[in-house]
There are 2 protein chains.
Amino acid sequence: MPTDAVEDYLKAIYRIESRAGPPVSTSQIAGALDKTPATVTSMVETLSERGLLSREKYTGVELTPAGEVAALEVVRRHRLIEAFLAEQLDYEATEVHDEADALEHHVSEEFTRRVERVLDYPAADPHGDPIPPADLSTPEDAGTALVAALAPGERGTVARISDRDPDVLEFLVDAGITPGTTVEVVDVASFGLVTVRTSDGDEHGLPEAVADRVYVRRAAESSAAGDGQEASDA
Amino acid sequence: MPTDAVEDYLKAIYRIESRAGPPVSTSQIAGALDKTPATVTSMVETLSERGLLSREKYTGVELTPAGEVAALEVVRRHRLIEAFLAEQLDYEATEVHDEADALEHHVSEEFTRRVERVLDYPAADPHGDPIPPADLSTPEDAGTALVAALAPGERGTVARISDRDPDVLEFLVDAGITPGTTVEVVDVASFGLVTVRTSDGDEHGLPEAVADRVYVRRAAESSAAGDGQEASDA
DNA sequence: TAGACTTTTTTGACTGGTCTAAACTAATAG
DNA sequence: CTATTAGTTTAGACCAGTCAAAAAAGTCTA
């Protein structure tokens with residue numbers, strides 16, 4: 001059985017991978033978990049010995065298939081618990097996260113399934129993130145984080161907005177970025193600002209915090225960039 | 001903040017104290033927690049250094065007031081979670097215990113209060129054990145375990161039956177032992193059998209597992225035993 | 001009251017997770 | 001192409017919690 005710490009690492013790596021893709025660096029993990037880099041190094045080493053991560057020294061790690069399964073189990077529990085807290089105990093969407101972080105390591109499979117059933121198999125948690133079903137299949141229509149999916153010049157279709165914050169939602173609606181619309185990434189600045197062009201030709205600057213919430217599916221064939229060097233993300 | 005292990009020890013000691021009274025021996029704790037006696041010795045030492053237990057070597061430990069407060073917090077969470085699982089997630093009374101054992105260490109005060117509110121301030125968990133309110137006051141009408149409260153020859157009034165098992169309940173009803181009736185302890189055999197006399201004069205043998213479920217309040221003055229050497233239990 | 005037996009404590013060791021400080025790599029700017 | 005710097009790993013230490021084996025204390029019985 002994985003310990004709490006192991007589950008935390010796996011979940012953090014999963015989250016970073018799905019936002020920025022592998023490899024995931026020591027310092028990214030350290031930042032996400034508020035641990036020292038030295039601690040992370042020793043943990044990722046034991047995790048890769050256990051076959052949960054593949055690791056290249058000084059470069060970073062990537063979840064193996066086994067690691068991804070384990071991570072998805074945690075993510076599933078986490079999001080179901082969040083949904084449960086919001087629905088059944090009237091938590092605000094902003095309050096559920098910490099509680100779910102503590103509980104996710106200690107609920108049984110039985111509990112998870114009962115919650116899922118009582119909630120009638122919810123598709124997403126209160127933040128809009130999809131809840132993996134019991135078989136841990138990743139619904140392909142969930143899309144990929146904007147900057148991870150699209151290199152500058154590429155176009156994609158907005159799959160969902162992973163947020164419930166009215167301000168964020170309004171900002172994106174005003175920019176014409178809603179599920180189903182087409183966006184092209186024009187530029188990703190070093191300081192996080194993502195410039196996108198919407199179908200009507202307008203360009204909008206998205207702060208990192210907002211861009212991170214936009215999930216897209218890549219358009220079948222891009223106009224500019226010739227095929228061949230697609231990002232290698234599983 | 002107490003760790004999971006600390007809370008487990010405190011809860012176990014509380015439970016043993018309330019069934020058999022202090023002092024609580026190393027081996028009793030070891031048995032309840034499925035740990036070796038050596039482990040228990042070292043843990044009760046650190047717990048008494050922290051002021052949660054008072055300890056006398058080779059004799060046993062007793063919860064200090066601070067220890068009792070900490071134990072009651074855990075018991076409160078445990079029982080509320082049990083009630084919650086049974087009510088909201090349709091768990092059977094027999095299934096709730098293990099899940100609650102895992103969760104009790106990781107729910108916030110906020111969670112506890114919300115659950116309590118949704119359940120409309122339940123008085124008892126699915127086993128019939130009273131749920132301490134937020135101020136941790138022990139309702140005095142909860143009574144004390146039969147053998148702890150009454151020495152042979154003493155009489156008391158049944159306060160409650162801490163069980164929901166139909167067989168146990170039926171057995172006790174047949175014996176005329178229900179809340180409000182008066183019982184006198186005739187004898188406590190070494191192998192656990194407790195012989196009690198009910199108000200109609202009949203004697204009944206209660207196996208340990210059943211007797212443990214009967215909680216009583218001691219009658220104001222016993223008939224036979226002269227006053228003076230009352231058990232010293234807080 | 002002197003074993004014999006039971007229970008408790010001591011001792012020493014180990015695991016998992018963490019940290020600080022020091023050493024090392026890799027990337028980058030001259 | 002080297003020197004600086006940012007990031008990573010190693011080395012060594014520590015804490016909480018646990019155990020097995022051995023020593024000590026307490027208890028019971030003949």
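Just so it is clear: chains get the letters A, B, ... in the order the sequence lines come, proteins before strands, and each one is counted from 1.
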Rounded to whole Å, CG of Asp8(A) lies from P of dG17(C) at a distance of 10 Å

Q) Which is true for Ser27(A) with a 4.0 Å heavy-atom rule: it touches a base, it touches only sugar-phosphate, or it touches nothing? A) sugar-phosphate

### Query
For Thr41(B) and dT9(C), is the shortest distance between a side-chain N/O and OP1 or OP2 below 4.0 Å?
yes

On DNA chain D, more 5' by nearest nucleotide between Ala38(B) and Arg50(B) is Arg50(B)

When you look at Met43(A) and Val6(A), which way does the side-chain contact (heavy atoms from CB on, under 4.5 Å) test go after all the steps? CA-CA 8 Å; Met43(A) 189 54 145; Val6(A) 166; 3.7 Å; yes

Whole-Å distance, Tyr58(B) OH to dT8(C) P, equals 10 Å

query: With a 4.0 Å cut-off on heavy atoms, is Thr26(B) in touch with a base, just the backbone sugar-phosphate, or nothing at all?
result: sugar-phosphate

task = Without swapping roles, check the side chain of Thr195(B) against the backbone of Val186(B) for a donor-acceptor pair under 3.5 Å.
result = no

Glu7(A) CD to dG16(C) P, in whole Å, measures 16 Å

Whichever of Val40(A) and Lys57(A) has the more 5' nearest nucleotide on DNA chain C, that residue is Val40(A)

Separation of dC19(C) atom P from Met43(A) atom CE, nearest Å, is 12 Å

Arg114(A) bridged to Glu95(B) by N-O distance under 4.0 Å:
yes

Item checked: Residue pair Leu80(B) / Asp125(B), side-chain heavy-atom distance below 4.5 Å -> no

Self-check item: Sugar-phosphate, base or nothing in reach of Thr3(B), heavy atoms under 4.0 Å
Solution: sugar-phosphate

Is the distance from OP1 or OP2 of dT18(C) to the nearest side-chain N or O of Lys35(A) less than 4.0 Å? yes

Per side-chain hydrogen bond (donor to acceptor under 3.5 Å, both in side chains), His78(A) is matched among Glu104(A), Glu73(A), Glu7(A) by Glu104(A)

At 4.0 Å (heavy atoms only), tell me whether Ala5(B) reaches a base, stays on the sugar-phosphate, or touches nothing.
sugar-phosphate

Glu56(B) CD to dT8(C) P, in whole Å, measures 13 Å

To the nearest angstrom, the CD-P distance between Glu49(B) and dT9(C) comes to 13 Å

Atom CG of Leu47(A) and atom C1' of dG16(C) are separated, to the nearest Å, by 12 Å

Chain B vs DNA chain D, heavy-atom contacts under 4.0 Å, first-to-last nucleotide span, 5' to 3', is dG17(D) to dG26(D)

From CZ of Arg55(A) across to C1' of dT25(C) the rounded distance in Å is 13 Å

Side-chain heavy-atom pair Val115(A), Gln88(A) within 4.5 angstrom cut-off: no

query: Is Glu99(B) reaching over with its side chain to a backbone N or O of Leu85(B), donor-acceptor style, under 3.5 angstrom?
result: no

Open item on the list: Counting the atoms with a prime plus P, OP1 and OP2 as sugar-phosphate, which does Ser25(A) contact under 4.0 Å by heavy atoms, base, sugar-phosphate, or nothing?
Closed with: sugar-phosphate

